[in-house]
Amino acid sequence: MTSPMLHRLIEERLRTAVAAQLPEAPLASVQVRPCPEPKFGDYQANALMALAKARQMNPRRLAEAVLKDLDVTELCESVEVAGPGFLNFRLRTAAVGRAVGEAAGGAHLFYARSAAPRTVVVDFSSPNVAKPMHVGHIRSTILGDCLARVLRCLGHRVITDNHLGDWGTQFGKLLVGWKHHQDPAALATDPIGEMERLYKQVNTACERDPAMLEQARQELVKLQQGDAQNLALWREMIALSQRQFDTIYGRLGVRFDHTLGESFYNPRLPAVVQALVERGLARPSEGALVAFFETLPDLKDHPAIIQKSDGAANYTTTDLATLAYRQETWQPDEIVYVTDGRQQLHFKQLFAIFRQWRPETRLRLAHVWFGAILGEDGRPFKTRAGDTIRLADLLDEAEDRALRVVSEKSPDLPEAERREIARVVGLGALKYADLLPNRQSDYVFNWDKMLALNGNTAPYLQYAYARIRSIFRKLPDPAPGAAPATLELAAPEELRLAKHLLTFGLVLEAVAEEYRPNYLCNYLYELAGHFTGFYENCPVLKAPEPARGSRLALCALTAGVLRQGLDLLGIQTLEKM
RNA sequence: GCGCGAGUAGCUCAACUGGAUAGAGCGUCGGCCUCCGGAGCCGAAGGUUGUGGGUUCGACCCCCGCCUCGCGUACCA
């Protein structure tokens, strides 16, 4: 009867009872969820109302009938029909104590690995070669990494792939700049800055000098035709850029299983175009090859070009080739693309073409899009001079600001320790600020808010963790005895904390299902709040047994869930701060 | 024009398949230091969820109209 998640046990039994009453009813919708108000109970099921409605039954009568077939007596002290047909479950304290005791014994941490693991490709970050990573890359990188971590934690096979922008028309201009205007000293000290400068210089020149533009085109054509010198220079640009990416990803703790950039798919593009034309999915129009969507209302007026009039493929084609490659290579059940919301139309087109091209596929395709990061003025987040903010500078500033706070609050710590704390706190704050808002809304960037020690911030959660850890440092016996198998949960604050711990897995599943890490942020913040209530009202070290053992176990489990939850957000914890 | 998205407390944001009295932080006001980390805690005030209809036992959420803002809308990605 044991399980990391009590609600799941209740749910299974409820489904059995519903099936007895309504044998034909779909059981997936029958779910048990936490009550919004503790006064109603701990968990509720409201699916019966919908089932009754669809069958023109009296919802309360159905609920009462189901209740007769439902036996959860060892888990719940009461099950009631409430209001128009809610089913409210109130857990037995002993059942909570047992479940939490199992976790304290190391059996689980309130979540379960999926019974049906999927293979999921997560495509995120995707910076461009020869350009600095900037603030525009942070949300994709942080969100994608977090989703990959959560999916992995739940037992899915996750493949992360960084789809670099390493091909395209910009390389014609870059090659012109590299060959004629390069400053070797600058390239040695700041290769990305120098490449950026070269691109801007040539790009500006092209705008007023057709000869320059033509020269860039020639270099691009040579590159595309496999010119040895241009290929070598292009590879060097990629290598220099990759070093920058590695540095940033190293600081962020982000890693990729694969880095297959756009150029990897070049050899596959002609076959994709040919296949689409042969299947009648694309046809000539105004000199280009274009896919039309007459039967899809959303896309009726938005055809997609798959081959430009100059014969070159564009990003729709590259993405189709990428999609096909991933399907053939990894046989995923699901591919998740983490990009900003402006690409919604592109992904609608991409998915629509792919569905027509491979109608037999059961692949789940998800465009996980996010809003913009804005400055205090409500405009896109830029430097005071109006320039794009480099990601490296942003990370530096996060650490600098955190160091100032740490040095002010803990001046006695050695500098090396303060710097390490500042690194963890600063980066954690930055990531958390990105993960906390609903990803689909724009959010306003604010250093002071993200680094605050109160409110829903990473430093607050890290602080909560460190505070718990300090309790264990105060133990006279550094290796306390085993936690009790069943916790005593006499105080209301203990019970509330324990019940909240029980819902960790539910939240992780919601994050994975809807691709929304903010659920996890809010869960952890609530957990810290429940812990505070417990901590203020329930002495731990001075409590007599058996309360002391139970409370120590609650502390250890809260710390464990905080650490695990923050780790899933890509955020580190500290023993002291 | 069309499409997508947003509009929730003074500000920044939440709100878990439609579910019960829409919640936090900041700011404001008022409390709590003999106590395991005060980098803290407790409390109060603050709302016609842009607007007008509709569906429903029940709507921030679904449908229709309107207003405001952002983004996108065939050869950049």
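Predicted model, so just to flag it, every value in this text is computed and none were measured. Naming: A, B, ... by sequence-line order, numbering from 1 per chain.
Nucleic acid contact class of F86(A) (heavy atoms, under 4.0 Å, all strands): base. Looking at heavy-atom distances under 4.0 Å, P84(A) makes contact with a base. No engagement by N58(A) is indicated, since no non-hydrogen atom pair under 4.0 Å with the nucleic acid exists. Looking at heavy-atom distances under 4.0 Å, D442(A) makes contact with sugar-phosphate atoms alone, never a base. Residue-level contact check: N522(A) touches the backbone only, with heavy atoms under 4.0 Å from sugar-phosphate atoms and none from bases. Within the 4.0 angstrom heavy-atom criterion, base atoms lie near E286(A). Base contact: K576(A) has a heavy atom under 4.0 Å from a base atom.
Base-pairing analysis of RNA chain B finds the following stems of at least three consecutive Watson-Crick or G-U pairs, with both pairing distances under 3.5 Å: B:1-7 with B:67-73, B:10-13 with B:23-26, B:28-32 with B:40-44, B:50-54 with B:62-66.
Checked by distance alone, T532(A) brings no side-chain donor or acceptor within 3.5 Å of a matching partner on the base of C41(B). Evaluation of atom-type donor-acceptor distances gives a pair under 3.5 Å for the side chain of Q44(A) against the base of A20(B). Side chain T318(A) to base A77(B): no donor-acceptor pair is found below 3.5 Å. Between the side chain of D340(A) and the base of A77(B), no donor-acceptor pair under 3.5 Å is found. One donor-acceptor pair, N or O on each side, does fall under 3.5 Å between the base of A74(B) and the side chain of S285(A).
A salt bridge links E509(A) with R8(A); the closest basic N to acidic carboxylate O contact falls under 4.0 Å.
Whole-Å rounding puts the H367(A) NE2 to G5(B) C1' distance at 13 Å. Rounded to whole Å, atom C1' of A74(B) lies 14 Å from atom NE2 of H346(A). Rounding to whole angstrom units, CE of residue M450(A) and C1' of C13(B) are separated by 14 Å. N314(A) places its CG atom 12 Å from the P atom of A74(B), with the value rounded to the nearest Å. At whole-Å resolution of the value, CG in N203(A) and P in A77(B) are 14 Å apart.
The side chain of W369(A) sits closest to G5(B) out of G40(B), G5(B), A74(B).
In this structure, Y460(A) does not pack face-to-face on the six-membered ring of A39(B), missing the 5.5 Å centre cutoff or the 30° plane limit. Using a 5.5 Å limit on the distance between ring centres and a 30° limit on the angle between planes, the aromatic ring of F40(A) counts as stacked on the six-membered base ring of A20(B).
Screening Y325(A), Y265(A), Y315(A), F264(A) for a ring pair (Phe, Tyr, Trp, His ring centres under 6.0 Å) involving H163(A) leaves a single residue, Y265(A).
Taking atom P in both C60(B) and G18(B), one finds a spacing of 13 Å when rounded to whole Å.
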Only pairs under 3.5 Å count here: list side-chain donor-acceptor contacts from residues 403-411 of chain A, not counting sequence neighbours, and write none if there are none.
residue, atom, partner, partner atom, Å
S407(A), OG, L403(A), O, 2.8
S407(A), OG, R418(A), NH1, 2.9

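A donor-acceptor pair is defined here as one N or O able to donate and one able to accept, closer than 3.5 Å; such a pair exists between the side chain of T457(A) and the backbone of Y460(A).
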